[in-house]
2 protein chains.
Amino acid sequence: MNNREQQVGYVLKQAQSLLRLRMEEALNPLALTVSQYSCLHHLLREPGISAAGLARATFMTRQSMSSMLQQLLDRRLVERPARPESGRVLPTALTAAGVDLLSAAQAEVNGVEERMLSGLSPSERTSLTRGLSACVKALGG
Amino acid sequence: MNNREQQVGYVLKQAQSLLRLRMEEALNPLALTVSQYSCLHHLLREPGISAAGLARATFMTRQSMSSMLQQLLDRRLVERPARPESGRVLPTALTAAGVDLLSAAQAEVNGVEERMLSGLSPSERTSLTRGLSACVKALGG
DNA sequence: TTGTTCATGTAAGAATTCTGACATACCATT
DNA sequence: AATGGTATGTCAGAATTCTTACATGAACAA
């Protein structure tokens, strides 16, 4: 049969693509893209982070993050000071509306992730996470 | 500490992003993007496939695949008949130059993948593949 | 102080990919 | 034969993301 389809790189891409698709479907009713969700998600964990830092955490360029943040600012899900307090960093944080929307989004995403892992035992899940972490480490993340 | 960073979905995205980045770096000297490589790769396994089928195999829309194929056609890496033999399908295949370039690209990509898995034992590698396959199956791939 | 290096934010433009829409051809059912 | 459903290829336009480039501010060394 086809060999490559069983190799790690391909299955990795397949899993990630499918996860993203299902997340996109789940978040669609909330008018959120996966990228936007990732951004809000990280903002909850690290309020006051810079746009550049946020970009690194979500695997985007800071330019892309900047235009995305503008949309979230327009929707009042996120807020930034008009001027930097010090340096050039504009610390970004969620608004109350942002926290609420993220909460609903999180429930959807948790459902998708649980579905993804439904065929795996607890030990298999931690094993999967460890394996992926080893890949990240080896690739120099 | 930060909880989400250790969850499966995030690590999965992190691993895939990093793998793609390293592949992009490795393929850059060959003037190939990862998407183009994926396309050529699948064409070797399944010569005569339709553009729509190719799109499904590489997780793109057929519209995106169509414009990418046009580039590969211009570079004489790929060939299609001017008219469909039957139906609307235009069977696509690699040219000799396409096979050669893919061969060089494959060596680069194999190196990256080997590096990614360098921290894992053979049994851990198959375990990782199985885990990811289970995710794909559960998400309805 | 001065100069260098680095990180941040932003702008402009290109490239990639997607969405919506349409015509065409095959296939199964009636 | 006629019809409805499905798949393919393509066009047009929008949205997203990236590349290149520049100005500003901080940290650090000479």
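Sequence lines set the chain letters: A, B, ... in the order given, protein chains first and strands last, and positions in each chain run from 1. Heavy-atom basis, side chains included; hydrogens, waters and symmetry copies ignored. Fair warning: this is a prediction, and the values are worked out from it, not measured in the lab.
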Asks: Might you list the N or O atoms of the protein lying below 3.5 Å from N or O atoms in nucleotides 18-22 of chain C, with each pair's distance?
Replies:
residue	atom	partner	partner atom	Å
dC18(C)	OP2	Thr61(B)	N	3.2
dC18(C)	OP2	Thr61(B)	OG1	3.3
dC18(C)	OP2	Ser64(B)	OG	2.8
dG20(C)	O6	Gln63(B)	NE2	2.7

Asks: Hey, what are the protein-to-nucleotides 26-29 of chain C N/O distances that come in under 3.5 Å?
Replies:
residue	atom	partner	partner atom	Å
dC26(C)	OP1	Gly87(B)	N	3.1

Asks: Scan residues 72-82 of chain A for pairs that pass side-chain hydrogen bond (donor to acceptor under 3.5 Å, both in side chains), counting only residues two or more places apart or in two chains.
Replies: Gln70(A)-Asp74(A), Arg80(A)-Thr92(A)

Asks: For Ala26(B) versus Val112(B), what's the shortest heavy-atom pair and its separation?
Replies: CB-CG2, 3.8 Å

Asks: Do you reckon Leu12(B) sits in the same ILVMFWY cluster as Leu120(B), going by side-chain contacts under 4.5 Å, direct or chained?
Replies: yes

Asks: Scan Arg56(B) against the nucleic acid and name what it touches under 4.0 Å (heavy atoms): base, sugar-phosphate only, or nothing.
Replies: sugar-phosphate

Asks: At what angle, to 10 degrees, do the two end axes of the helix from dT1(C)-dA30(D) to dT30(C)-dA1(D) meet, given five pairs define each axis?
Replies: 30°

Asks: Would one find a side-chain N or O of Ser66(B) under 4.0 angstrom from OP1 or OP2 of dT10(D)?
Replies: yes

Asks: Taking only the side-chain heavy atoms of Met68(A) (C-beta and beyond), determine which of dT17(D), dT10(C), dT8(D) contains the nearest atom.
Replies: dT17(D)

Asks: Compare all side-chain heavy atoms of Ser38(A) with those of Lys13(B) and state whether any distance is below 4.5 angstrom.
Replies: yes

Asks: Please tell me if the side chains of Ser17(B) and Met60(A) come closer than 4.5 Å, counting only heavy atoms from C-beta onward.
Replies: no

Asks: I need the CG-P distance between Leu90(A) and dG25(D), as an integer number of Å.
Replies: 12 Å

Asks: Could you give the CD-to-P distance, from Glu24(A) to dT17(C), as a whole number of Å?
Replies: 16 Å

Asks: Between atom CZ in Arg83(A) and atom P in dG25(D), what is the gap in whole Å?
Replies: 10 Å

Asks: In terms of hydrophobic clusters joined by side-chain contacts under 4.5 Å, are Leu54(B) and Met68(B) together?
Replies: yes

Asks: For Ser50(B) and Arg56(B), does a side-chain donor sit closer than 3.5 Å to a side-chain acceptor?
Replies: no

Asks: Kindly indicate whether the side chain of Cys135(B), heavy atoms from C-beta on, has any atom under 4.5 Å from the side chain of Leu19(A).
Replies: no

Asks: Taking only nitrogen or oxygen atoms into account, show me every contact under 3.5 Å that the protein makes with nucleotides 14-16 of chain C, one pair per line with its distance.
Replies:
residue	atom	partner	partner atom	Å
dT16(C)	OP2	Gln71(B)	NE2	3.3

Asks: Counting C-beta onward and ignoring hydrogens, is there a side-chain heavy-atom pair between Leu77(A) and Leu94(A) closer than 4.5 Å?
Replies: no

Asks: Measuring only between side-chain heavy atoms, which start at C-beta, is Met116(A) closer than 4.5 Å to Arg22(A)?
Replies: no

Asks: Grouping I, L, V, M, F, W and Y whenever their side-chain heavy atoms are under 4.5 Å apart, do Ile49(B) and Leu90(B) come out in a common cluster?
Replies: no

Asks: For Leu21(B) and dT17(D), give me the distance from atom CG to atom C1', rounded to whole Å.
Replies: 15 Å

Asks: Taking salt bridge (Lys or Arg N to Asp or Glu O under 4.0 Å) as the test, write out the residues that go with Arg125(A), two or more places apart.
Replies: Glu114(A)

Asks: Could you state the CG-P distance from Leu54(B) to dT8(D), rounded to the nearest angstrom?
Replies: 12 Å

Asks: Is any side-chain heavy atom of Leu117(A) less than 4.5 Å from a side-chain heavy atom of Leu128(A)?
Replies: yes

Asks: May I ask you to verify if any side-chain N or O of Arg80(B) is less than 4.0 angstrom from the OP1 or OP2 atom of dG9(D)?
Replies: yes

Asks: Look at the side-chain heavy atoms of Ile, Leu, Val, Met, Phe, Trp and Tyr, link any pair under 4.5 Å apart, and say whether Leu72(A) and Val89(A) land in one connected group.
Replies: no

